[in-house]
Amino acid sequence: MITVKCFASVEEQIGKHTLEFDYEKATVSTIIDTMKQRYTISLDSVMIAVNEEYASVDTEVRTGDVIAFIPPVSGG
């Protein structure tokens, strides 16, 4: 099981903070494609972290890993 944590606008679009995917091994890109199909959302501008370290769409993930999708933050 791979856990995905969604923050800010991603969480608002999906309606959940945490998702779980039943993959033993995948890439972040695979998880993104699955989320796009299920929720019809864009994850093009999010920052990605795997196990609390910045990662890319090519990063390989395995059961037990935690992916975080962090949208850009703005403010004043």
Asker: For residues 13-23, tabulate all N or O donor-acceptor pairs below 3.5 Å that involve a side-chain atom, not counting sequence neighbours.
Answerer:
{"from": "Q13", "atom 1": "NE2", "to": "S9", "atom 2": "O", "distance (Å)": "3.4"}
{"from": "H17", "atom 1": "ND1", "to": "C6", "atom 2": "O", "distance (Å)": "2.8"}
{"from": "Y23", "atom 1": "OH", "to": "T34", "atom 2": "OG1", "distance (Å)": "2.9"}

Asker: Got a second to check how far M35's CE is from S42's OG, nearest 0.5 Å?
Answerer: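 Between atom CE of M35 and atom OG of S42 there are 11.0 Å.
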Asker: A side-chain contact here means heavy atoms from C-beta on lying under 4.5 Å apart; do V28 and V61 qualify?
Answerer: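 They are in contact (side-chain heavy atoms under 4.5 Å apart), so the answer is yes.
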Asker: Would you call D65 and T3 a side-chain contact if the rule is heavy atoms closer than 4.5 Å?
Answerer: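 Of all side-chain heavy-atom pairs linking T3 with D65, none is under 4.5 Å.
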Asker: Kindly indicate whether the side chain of I67, heavy atoms from C-beta on, has any atom under 4.5 Å from the side chain of I31.
Answerer: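 Yes; the side chains approach each other to less than 4.5 Å.
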Asker: Taking the side chain as C-beta and beyond, is there a heavy-atom pair between K36 and D44 under 4.5 Å?
Answerer: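 With C-beta onward as the side chain, the pair touches.
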Asker: Using every non-hydrogen atom in the two residues, find where F7 and A68 come nearest and quote the distance to one decimal.
Answerer: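 Between these two residues, the closest heavy atoms are CE1-CB, 3.8 Å.
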Asker: Checking salt bridge (Lys or Arg N to Asp or Glu O under 4.0 Å) for the pair R38/D33: CA distance, chi angles, key distance, verdict?
Answerer: CA-CA 9 Å; R38 286 186 188 174; D33 289 344; over 6 Å; no
Asker: Atom CD in E12, atom CD1 in I41: separation rounded to 0.5 Å?
Answerer: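 E12 CD to I41 CD1: 12.0 Å, rounded to 0.5 Å.
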Asker: Look at the side-chain heavy atoms of Ile, Leu, Val, Met, Phe, Trp and Tyr, link any pair under 4.5 Å apart, and say whether V4 and Y39 land in one connected group.
Answerer: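 Same cluster: V4 reaches Y39 through Ile, Leu, Val, Met, Phe, Trp or Tyr contacts under 4.5 Å.
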Asker: Taking all atoms of both residues into account, what is the closest heavy-atom pair of V50 and A55, and its distance?
Answerer: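 Heavy-atom minimum between the residues: CG2-CB, 3.6 Å.
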Asker: Which pair of heavy atoms, one from P72 and one from S45, lies closest together, and at what distance?
Answerer: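 Looking at all heavy atoms of both residues, the closest pair is CD-O, 3.6 Å.
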Asker: Would you kindly confirm whether V10 and V66 end up in one hydrophobic cluster when ILVMFWY residues are joined by side chain heavy atoms under 4.5 Å apart?
Answerer: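 As far as the 4.5 Å side-chain criterion goes, V66 and V10 are not connected within one cluster.
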Asker: Can you find a heavy atom in the side chain of F69 that is under 4.5 Å from one in the side chain of I32?
Answerer: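 Yes, at least one pair of side-chain atoms sits under 4.5 Å.
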Asker: With a 4.5 Å cut-off on side-chain heavy atoms, are E24 and R62 touching?
Answerer: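 The answer is no; the side chains never approach within 4.5 Å.
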Asker: Holding to side chain to side chain donor-acceptor pair (under 3.5 Å), I want the full list of residues that pass it with S29, two or more places apart in sequence or in another chain.
Answerer: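 Checked S29 against side chain to side chain donor-acceptor pair (under 3.5 Å); zero matches.
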Asker: If you compare all heavy atoms of I48 against all heavy atoms of S56, which two are closest, and at what distance to 0.1 Å?
Answerer: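 In this case the closest contact between I48 and S56 is CD1-C, 4.2 Å.
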